[in-house]
Engineer: 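Below you'll find the structure I mean.
Start at 1 and go down the list; that is how both ligands and their atoms are numbered. Since we're looking at a predicted model, the values are computed, not measured.
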Amino acid sequence: MTDDHDGTRCVHAGLPEPAPGEPFLPGPVFAAPYHLDPWAGPAGTPNGYGRSDNPTRRRLEAAIGELEGGDCRAFASGQAAITGLLLSVLRSGDTVLLPADGYFPVRAFATETLAGIGVRVLFAPTAGPYPDLAGVRLVLVETPANPGLDVVDLPVLAARARAAGALLVVDNTTATPLGQRPLELGADLVVASGTKALTGHSDLLLGYVGTRSAELLAAVTRWRDHTGAVPGAFDAWLAHRSLATLDLRLARQTANAAALAELLAEQPGVTGLRWPGRPEDPAYPVAVAQLRRMPGVLSFDLGDADRVARFVAAARLVAAATSFGGLHTTADRRAQWGDDTPPGFVRLSCGVEDTTDLVADVAAALRVVGG
Ligand SMILES: *Cc1c(COP(=O)(O)O)cnc(C)c1O
């Protein structure tokens with residue numbers, strides 16, 4: 001690891017050594033089986049069969065691993081990575097602690113699938129308080145949490161988990177490895193959806209698990225090999241191509257979020273504004289100590305579904321869409337997907353549009369909705 005800064009690290013992450021006549025980032029290798037040496041067989045090459053290995057995917061894993069500061073395995077989606085990690089570690093009779101306000105499908109997986117195979121499932125809000133961790137096998141936190149954007153002090157929780165013999169896993173989707181380095185802050189594992197800001201072009205699904213433990217990495221690799229939730233070569237290549245601009249994209253998204261937070265804070269028709277970068281936000285003290293940059297996502301409440309629809313319809317630069325972290329600004333009324341947020345709750349994901357244009361557009365749309 002060099003002392004390079006974020007922009008430089010993103011541009012170079014996972015690239016092969018320069019070779020005359022070769023591209024900077026080699027194109028995707030499409031293969032199910034590969035040619036084997038007739039005598040050496042699979043021992044003669046890392047590439048035997050596409051589910052276990054692929055050179056395009058290995059390069060992406062090297063890149064994400066460099067940014068997270070650990071070893072990484074890529075999965076077909078964030079859900080595949082998170083559920084794969086949970087199932088490769090947890091056994092019947094174990095206890096797992098999950099965020100009460102985290103990504104809804106993870107909670108649904110826990111109460112339906114994990115509880116069904118005899119895992120005891122506990123929940124705690126991201127901001128705490130956390131229960132006594134004695135007897136807990138694994139603690140999963142999301143920080144900042146999606147969609148509520150609360151944060152938890154990772155070094156403090158890591159010390160508590162270590163003392164109790166529990167593994168600490170951090171979902172780093174919202175922050176990305178440029179915004180937060182959970183493995184440096186004491187987590188045993190990092191998981192994330194690469195579908196969001198990490199790749200940022202709203203054109204692929206991806207997930208990953210990262211760790212510094214050879215043992216945990218081996219368990220996750222075995223699980224992935226046995227269950228097969230791998231990303232295809234083209235998606236892995238697109239993701240790697242997109243990583244080079246991560247620093248630039250996040251810089252604009254954060255600037256847009258800061259400007260919109262300032263605007264939204266003054267609106268009489270907007271309540272419950274959350275953005276961890278606002279000094280008035282309850283998450284701010286921990287966020288400034290722990291995050292290397294603030295996320296481009298904020299959340300607020302417009303009161304009801306109709307006002308949200310009128311706001312999005314009136315905005316020229318805000319698309320109605322779920323997911324977040326992409327180039328285009330989007331707004332999602334989370335309750336329409338059946339999660340447990342209030343009907344007027346909006347998660348707004350800032351794109352990379354010019355700040356002046358975006359602020360003017362959102363201000364005009366809010367005027368249409370009124371106080
Ligand atoms: C989107 C998301 C996931 C799931 O990722 P997919 O790539 O959609 O499967 C997990 N955790 C968080 C915090 C997310 O935002």
Engineer: Using a strict 4.0 Å threshold on nitrogen-to-oxygen distance, state whether Arg347 and Asp332 make a salt bridge.
Structural biologist: yes

Engineer: Are any of the side-chain nitrogens in Arg160 or Asp153 under 4.0 Å away from the carboxylate oxygens of its partner?
Structural biologist: no

Engineer: State whether a side-chain donor-acceptor pair under 3.5 Å links Thr126 with Asp101.
Structural biologist: yes

Engineer: Output all residues satisfying salt bridge (charged side-chain N to carboxylate O under 4.0 Å, His left out) with Glu215, sequence neighbours left out; order by chain, then residue number.
Structural biologist: none

Engineer: I'd like to know if Asp150 and Arg274 make a salt bridge, using a cut-off of under 4.0 Å between side-chain N and carboxylate O.
Structural biologist: yes

Engineer: For ligand 1, list all ligand N or O to protein N or O distances below 3.5 Å, rounded to 0.1 Å.
Structural biologist:
{"residue": "ligand 1", "atom": "5 (O)", "partner": "Ser193", "partner atom": "OG", "Å": "3.1"}
{"residue": "ligand 1", "atom": "7 (O)", "partner": "Gly78", "partner atom": "N", "Å": "2.8"}
{"residue": "ligand 1", "atom": "7 (O)", "partner": "Ser193", "partner atom": "OG", "Å": "2.8"}
{"residue": "ligand 1", "atom": "7 (O)", "partner": "Thr195", "partner atom": "OG1", "Å": "2.6"}
{"residue": "ligand 1", "atom": "9 (O)", "partner": "Gly78", "partner atom": "N", "Å": "3.1"}
{"residue": "ligand 1", "atom": "9 (O)", "partner": "Gln79", "partner atom": "N", "Å": "2.8"}
{"residue": "ligand 1", "atom": "11 (N)", "partner": "Asp171", "partner atom": "OD2", "Å": "2.8"}
{"residue": "ligand 1", "atom": "15 (O)", "partner": "Asn146", "partner atom": "ND2", "Å": "2.9"}
{"residue": "ligand 1", "atom": "15 (O)", "partner": "Lys196", "partner atom": "NZ", "Å": "2.7"}

Engineer: Rounded to the nearest 0.5 Å, how far does OG of Ser77 lie from CG of Leu206?
Structural biologist: 8.5 Å

